[in-house]
Structures are given as C-alpha cells and as structure tokens.
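Input: a single structure, listed below in structure tokens.
First the proteins, then the strands, lettered A, B, ... as listed; each starts at 1.
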There are 2 protein chains.
Amino acid sequence: MARKSGSHSEITGPRIRHAALSLFAQHGYAAVSMRQIAAEVGVQAGAIYLYVTDKQALLFELMEAHMDDLLAAWAAVPKPKDPAALLRTFTDFHIAYHLDRPDQVFVAYMELRNLTPENFAAIEAKRRAYEAELEAILGAGTDGTFDVADTRVTAMALIAMLTGITGWYRTDGRLDAARLQEIYWQLTRKMVLPEPVTA
Amino acid sequence: MARKSGSHSEITGPRIRHAALSLFAQHGYAAVSMRQIAAEVGVQAGAIYLYVTDKQALLFELMEAHMDDLLAAWAAVPKPKDPAALLRTFTDFHIAYHLDRPDQVFVAYMELRNLTPENFAAIEAKRRAYEAELEAILGAGTDGTFDVADTRVTAMALIAMLTGITGWYRTDGRLDAARLQEIYWQLTRKMVLPEPVTA
DNA sequence: GTCTATAGATGGATAGAC
DNA sequence: GTCTATCCATCTATAGAC
C-alpha cells in the first residue's frame, strides 16, 4: 500500500483530507496525530505540510467543506410551495444527506470544541444558517398549516431528532433509508401538523 | 487559591473528579492533561495518582458514576400507572436531570470513543438499560394509548430530541426548565398519542 | 499527602537531502 | 514531492524527598 518514494502528487491532498476525516471521526481530533494521518495515506509526516498549513487548519477545512456542501445541497433541492410538502422535503433531505456522510456529520458535531474561536464562529454561523432554513419552513406554516407553539424550539427539537439517527443507525440493520424517512416523517407530521377536530 | 503544601487530604479526590469533569466537558478528554486537572485543583500532577489509577480510569469512573446516578434517579421516581402520565413523567425527568448536569451529560455522550473496549461495553450497557426504560413505557401503551409504528425508533427519536436541549439551552435565556418541559411534552404527546378521529 | 524532579514516550512542525 | 532526521514542547506516570 505505502508508496516507496519519489511518487508524484496525484491526489495526495484529497487523500490526506479523507484519511484525517476518517481518523477524526473514529478517535477524535485531539487523539489523532499527524503521523497517524500520514501513515494512513502512505506518506511521511513531513509531507502533510505540503498540503495543509497545520492541524487546526486541517480540521477547519474539513468542517467548513461539510457545512458548505450541506448548505449547497439543500439550496439545490427543488422546493414545493406547500409548507407541509416542503417540510417533508427537508426531513427526507436531512436524513439522506446525513446517512450518506456519517464521518463528516460526526466530526462537524463533535469537534466544535477543538476549533479556535475565529474558526468556531465561522462554522457556527453556517450551522445557524442551516437551522434557520428549517425555522423558516415552520414559520411559513403559521397560517394554519402547522400547529407550532415555539418555532425555534420546535426546529431545534426536529433537527436533534433527525440528526440523532446517525448515532444508532447501522446500514446492515432492519431499516433502510427510505423506511427511516417514512417513519420520521410520520413522527414529524404528527408533531407539527394540527390535530384534526374531534368528532 | 492553590494550596502551598503539606495540606491534608480533606476532599481532594472528589475535587479532582469535579475538575476533570469540567475540563473534559470544555475541551475534551484527549485535549486535557493531568497537569491541567492538577492545576485546577491546586495540587501538583503527581498528587493525582494518589486518588486515581490513571487517566482512562478517571474518565471511566466519571461516566460510570453518571450512568449509575441517572438509572438510580429514574428508579426512585414514583411511576403512575397510566401510560401517558408515565411518559410525561419520563420526559419531565429526563429534561430536568439533563439540564441540571450539563457537564456529566456532555462527557457521557462525547467521550465514548475514548474509552477502552471493555470500559465502552460497560457504559454502553447502562445506556441501553436507560433507553430500554423509555422503550418499555412506549411498549406498554400499544393497547391503544399510544400510536407508535416502531417502538425502538420512536424511543431513539424521543431521547435524541430531549437530550438535544443540552446543546443549545442557556439558563439565562427566555425559557425556564418548566416551560421547556411543557413545550417538549406537547411535542411528545402529539408524536405518540393517537390522533383524534376526524369529524 | 503533597511536593520536586525526571524518566520515557509521543506530539507538532521544520530543515535539508534526494 | 517525498523522505529522513531532528528540534523542542508536552504528555503520562513514577521515584523519592519532606
């Protein structure tokens, strides 16, 4: 696996980021050494610094790339007009996106403490922008489509509920992604749609 | 603050655990050194080893104590017979307990990766026991009290939703604990109780 | 019971050969 | 572009004085 020496660059930069992401997700940023990352890629520790300024920048770039991808992916999704349909579009998107990228999601949620204050602020702003998307969907339904007492709290409750899937979901388990999307939509629907009037 | 020297033990052991918990919650287990913990307590690094075998044992003891406390506290709560009332008892308990111990909760959820395999298995078993409590409550209501398609998934969804509060709640914010308990009960109630028959 | 001192290992990051 | 070698800081844990 490990190259002997003298190889040309090819895609060493991306491979470093991929290895770092995987190791950070498994063991945590602080517990992973630059030497471990280099070994995973098959280069020596010193070579990493040709592609990354330092360890902190490596973490930040991974988290920023994830947040940017997330926001861009959601922006690219066609949005139905109907608030309830739009909400289902969001829950389906959130589940599918997060299940497809467990390492990115895990690092983005777990390593906030290890960012410098400036880097933390940048990531936090992007996270808030994403939360604001859901809040806006719920807020647009206060005409009677939704029955939501507190838009902000409900948005946070929904995101926590949906993101929590990544903590226990196993791809070889009894549920596939489509079934999960259906179950969580039923939970979401009951949570925010008005209850039918009793007979 | 820092003692000069020659002081007697008093409560140095508990103070070490308290300082470690606080620092682990802030910066993460791997990022915190034994010297930092010692400095917080006001002793030298070497003194810690009179009370703790090593850093891993320190982490494990903190997490085990938290899980044991959690299970014992729930066991001590009076349980109403009615499934819906019991569910509300659980959600109120979970919110109050978690809001009162943000550091313990944070460490218990974030540092699982840093446990040895044996220690991880021990903590995971206790966590599963707690999740099973909620699953049993939901399962006991399948006579018609609850409308739950998948007991296990719904239990995980509820726990993630409730625990997520600790990620954004600020004690100086606009919501107090009682208001949160009320909001989250409404969300929970709508999620799992059957919808009234339409007129 | 706490201190100082230190062993022994490992970390991030850099310099210079190839 | 990658490697080897290394600097220097820091870490966990222990030994022994007080």
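The phosphate of D:dT2 (OP1 or OP2) has a side-chain N or O of A:Y51 nearer than 4.0 angstrom. Between A:T12 and D:dG1 there is no side-chain N or O to OP1 or OP2 distance below 4.0 Å. The phosphate of D:dG1 has neither OP1 nor OP2 within less than 4.0 Å of any side-chain N or O from A:Y49.
Going from atom CG of A:N114 over to atom P of C:dG12 covers 12 Å, rounded to whole Å. Atom CE of A:M34 and atom C1' of D:dA5 are 18 Å apart (whole Å). Atom NZ of A:K55 and atom P of C:dT10 are 15 Å apart (whole Å). One interatomic measurement links the two molecules: CD of B:Q36 to P of D:dA9, which rounds to 18 Å at whole-angstrom precision. Put simply, CD on B:Q44 is 15 Å from C1' on D:dC11, counting in whole angstrom units. Per the geometry, CD1 belonging to A:I48 stands 15 Å off P belonging to D:dG1, to the nearest Å. Taking atom CD1 on B:I11 and atom P on C:dG1, their separation rounds to 14 Å, with Å as the unit. For B:H27 and D:dC11, the NE2 to P distance is 12 Å, given to the nearest whole Å.
Place A:R35 and A:L50 on DNA chain D by their nearest nucleotides, and A:L50 ends up nearer the 5' end.
Checked against D:dC11, C:dG11, D:dA13, the side chain of B:S33 finds its nearest nucleotide in D:dC11. Counting only heavy atoms from C-beta on, B:D54 has its side chain closest to D:dA13 among D:dA13, C:dA13, D:dT2.
Both tests hold for A:R127 against A:Y109: distance to the six-membered ring centre under 6.0 Å, angle to the ring axis within 45°.
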Practice item. Decide yes or no on ring pair (Phe, Tyr, Trp, His ring centres under 6.0 Å) for B:W74 and B:Y97, but give the supporting numbers first. Key: CA-CA 9 Å; B:W74 171 244; B:Y97 190 92; over 10 Å; no
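Ring centroid separation for the pair A:F93 and A:H98 does not come in under the 6.0 Å cut-off. A:F120 and A:F60 have their aromatic ring centers separated by at least 6.0 angstrom.
Residue A:V32 is classed as a sugar-phosphate contact, given heavy-atom separations below 4.0 Å to backbone atoms only.
Within a 6.0 Å sphere centred on NE2 of B:H27, other residues, nucleotides and ligands contribute more than 12 heavy atoms.
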